[in-house]
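Remember, it's a predicted structure, so these values are computed and weren't measured experimentally.
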Amino acid sequence: MIINYSIRDLISFTGVIPKLSELWASLTDQLCLWCICRHLGITNISFYKQSCQDAVAELRSSYSELKHVEHKSCDKEVCGGCYGVLTTHFTDNDFLTKIVEEVERRKIEYEHFCCSIALPSTSVVRDYTYLLLCADICPGVYSYLPLENIPTVKDIWKWMCGARLERRFGKKFALTHMDILLNFQHAELDRESNKLEESFRDHFKKRKGQSTDKFTHSSIVRALTSVSREKLRTLLTYPPHRLREMCRLQSMVVTHNPVYVAGRYNKYSRELSQSPWFIDGERKGLDTSVSELLSQLLLEYTQAKSQNFTSSGREDIDVQMLGSGRPFTIQLLEPERVLSPDVLSDIERKINQMDPLLVRVSDLTLISREEADKLKDLEAEKRKTYTAVCVSDGDLSQGELDILCEHRDMVIDQLTPIRVLHRRALATRQRTVHWMKAKLQCNSSRIFDLEIETQGGTYIKEFVHSDFGRTVPNLCTLLSNRQIDIISLDVLSVHVEWPPAPDNS
Ligand SMILES: [Zn+2]
């Protein structure tokens, strides 16, 4: 038995679709063999890997009702369900050779590959109309069958060609790394989108500022399922009409999916910004930045088009990042060469030799996109430890400073600091100071070292000098209303496990 519905209740207990021969006769006029079979709900992958002749023979032997069906050609047929994508024109060895040649021409290094098929977004409407046709003939089976139960053209193309491409490339078909996008267009389908828009005017109003296509798969499915099937027959072109021409392959685009490199960095300069920093077109600080120093060699090696640097928070330009360093991720877009662990450790060594007085990098590791996304989530959870050199306007004793140790998990209110008001909304944010300790410097009664651990997002400078009373409580109020100022600040530790430990489960 080759027919395999996921909604088994819809099939009679014998597993036979009533009126199968009638259904076949109605569909065979407009659909190719493979599209008939997917509308019959055949989801057996190996079924689609055989020749047309063998597939028809299997159908004939499996179903007495189909014993006498004629052989169907799969050759350049104008099909109303796949528009020709599943015919030999776009699935035979000659077509696969074109794909292989295009990949070779690009000289991209890759470990795995995948193929994406882009069809006109309104193609889902045609699947729906044929489903309505099936429901007219076999209401018992099809009336309640959701569209998701029909394998898509994209599924079938991958079933037919995926394994053959694996053999041609000698690589695995997997959803990462290199992507070959086959972009199919069809003029008649474009015209059908006008009809869809007329029938479902409210569903496809383009919102202000919306740049993406208003006809997305989900917006169309939402529209189609918002009305009854009876109503649909009047709103769509029903019964579906024959297509006059095949689709055409508008473009074949080979891209390497982004790769993500994680690591931690230290910054030993008070003039180096984390990312390029410009004010009124003029560059501030040194003529390079942490993100540029870290990504330069990765960009050169991979020949990536560009990079995006993300970190778990950021320190001010005059703050050093010490200790185990700050977690970061670099997204490399369209890299043409593969990064191996050996290459990464070589790049790490070279970065650390470039200018050891500016930055140092450690733990460079390749991570997945999902893991890269987690860095932002970790932001709120993390704790950070700082060390600061502070100065008081009057003499202090070590005994007075020791009182600071008594404050544990102290909640403070921080009104947006004046220095960041131009980029952050005015609001009072509650942050936790987990602990702190202070020690007078040798031979001084006014300068002291402060070590402090806080919740991520706490403004330390403002906690020390009070920011004109905008942070409450602050170090001034905690030290009997003395004026305290900050001379220098360094981050000692960002308490986040990063890069994530390899998942071996
Ligand atoms: Zn077809």
Report the C-alpha distance between Leu132 and Asp136 in whole Å, list the side-chain angles of each, state the deciding distance to 0.1 Å, and finish with yes or no for side chain to side chain contact (heavy atoms under 4.5 Å, CB included).
CA-CA 6 Å; Leu132 286 178; Asp136 276 351; 5.7 Å; no
Between Tyr260 and Gln331, is any side-chain donor less than 3.5 angstrom from a side-chain acceptor?
yes
With side-chain hydrogen bond (donor to acceptor under 3.5 Å, both in side chains) as the criterion, how do Arg168 and Thr97 come out once you've worked through the C-alpha distance, each side chain's angles and the decisive distance to 0.1 Å?
CA-CA 8 Å; Arg168 298 284 291 269; Thr97 299; 2.6 Å; yes
Evaluate Thr454 against Lys384 for side-chain hydrogen bond (donor to acceptor under 3.5 Å, both in side chains), listing each step before the verdict.
CA-CA 6 Å; Thr454 67; Lys384 295 204 283 188; over 6 Å; no
Quick one: list whatever passes ring-ring contact (aromatic ring centres under 6.0 Å, His included) with Tyr238, sequence neighbours left out.
none
Is a side-chain donor-acceptor pair under 3.5 Å present for Glu453 with Thr385?
yes
To the nearest 0.5 Å, how far apart are OG in Ser116 and CG in Leu181?
5.5 Å
Could you give all pairs that pass the salt bridge (charged side-chain N to carboxylate O under 4.0 Å, His left out) test and reach residues 33-55, with sequence neighbours left out?
Arg38-Asp127
Distance in Å, Leu33 CG paired with Leu59 CG, rounded so as to fall on 0.5 Å steps:
6.5 Å
Residues Arg105 and Glu102: closest non-hydrogen pair is NH2-OE2, 2.9 Å
What is the minimum heavy-atom distance between Ala223 and Phe200, and which atoms define it?
O-CE2, 3.3 Å
Side chain of Arg126, backbone of Gly80: donor and acceptor closer than 3.5 Å?
yes
Can you name the side-chain contact (heavy atoms from CB on, under 4.5 Å) partners of Val261, sequence neighbours left out?
Leu298, Leu332, Leu339, Leu344, Leu364, Leu366
How close do Gly313 and Lys382 get, heavy atom to heavy atom, and via which atoms?
N-NZ, 3.9 Å
Does the Ser368 side chain pair with the main chain of Glu371, one donor and one acceptor, at a distance under 3.5 Å?
yes
Can you name the disulfide bond (SG atoms under 2.5 Å apart) partners of Cys115, sequence neighbours left out?
none
Run the numbers on Phe184 and Tyr83 for ring pair (Phe, Tyr, Trp, His ring centres under 6.0 Å), then give the verdict.
CA-CA 9 Å; Phe184 291 99; Tyr83 336 108; 9.2 Å; no
Salt-bridge criterion met for Asp94 and Lys98 (N-O under 4.0 Å)
no
Less than 3.5 Å apart, any donor N or O on the side chain of Glu58 or Gln50 sitting next to an acceptor on the other?
yes
I'd like to check the ring-ring contact (aromatic ring centres under 6.0 Å, His included) partners of Tyr130; sequence neighbours left out, ordered by chain and number.
His39
Check step by step if side chain to side chain contact (heavy atoms under 4.5 Å, CB included) holds for Val85 and Trp34.
CA-CA 10 Å; Val85 172; Trp34 307 118; over 6 Å; no
Option among Trp159, Trp157, Phe113 that satisfies the ring pair (Phe, Tyr, Trp, His ring centres under 6.0 Å) test with Phe173
Phe113
Going from SG on Cys161 to CD1 on Ile156, what distance comes out if it is rounded to the nearest 0.5 angstrom?
11.0 Å
To the nearest 0.5 Å, what is the distance between OG (Ser21) and NE2 (His68)?
10.0 Å
Do Asp342 and Ser340 have a side chain donor and acceptor closer than 3.5 Å?
no
Mark yes or no for whether Asp373, through its side chain, and Glu370, through its backbone, hold a donor-acceptor pair below 3.5 Å.
no
Euclidean distance, Leu375 CG relative to Ser311 OG, rounded to 0.5 Å
7.0 Å
Is the closest side-chain heavy-atom distance between Cys247 and Gln185 below 4.5 Å?
no
Less than 3.5 Å apart, any donor N or O on the side chain of Arg383 or Thr432 sitting next to an acceptor on the other?
no
Set of residues satisfying side chain to side chain donor-acceptor pair (under 3.5 Å) with respect to Thr91, sequence neighbours excluded:
none
With a cut-off of under 6.0 Å to the ring centre and 45° to the axis, is Arg337 in cation-pi contact with Tyr301?
yes
Are Asp155 and Thr152 close enough, and set up right, to give a side-chain hydrogen bond (donor to acceptor under 3.5 Å, both in side chains), and what steps lead you there?
CA-CA 5 Å; Asp155 291 335; Thr152 64; 3.2 Å; yes
A cation-pi test, strictly: NZ or CZ of Lys171 under 6.0 Å from the centre of the six-membered ring of Tyr110 and no more than 45 degrees from its axis. Yes or no?
yes
If you take all heavy atoms of Cys82 and Cys32, which pair is closest and at what distance?
SG-SG, 3.8 Å
Taking all heavy atoms of Gly84 and all of Phe90, pick out the closest pair and write down the distance.
O-CD1, 3.3 Å
Can a side-chain donor-acceptor contact be found between Arg369 and Asn257 if the only test is distance below 3.5 angstrom?
no
I would like to know whether Gln455 and Thr458 meet side-chain hydrogen bond (donor to acceptor under 3.5 Å, both in side chains); could you show each step before the answer?
CA-CA 6 Å; Gln455 179 187 357; Thr458 309; 5.3 Å; no
Any salt bridge linking Arg326 with Glu315? Criterion: basic side-chain nitrogen under 4.0 Å from a carboxylate oxygen.
yes
For the residue pair Glu336 and Thr302, confirm or rule out a side-chain donor-acceptor distance under 3.5 Å.
no
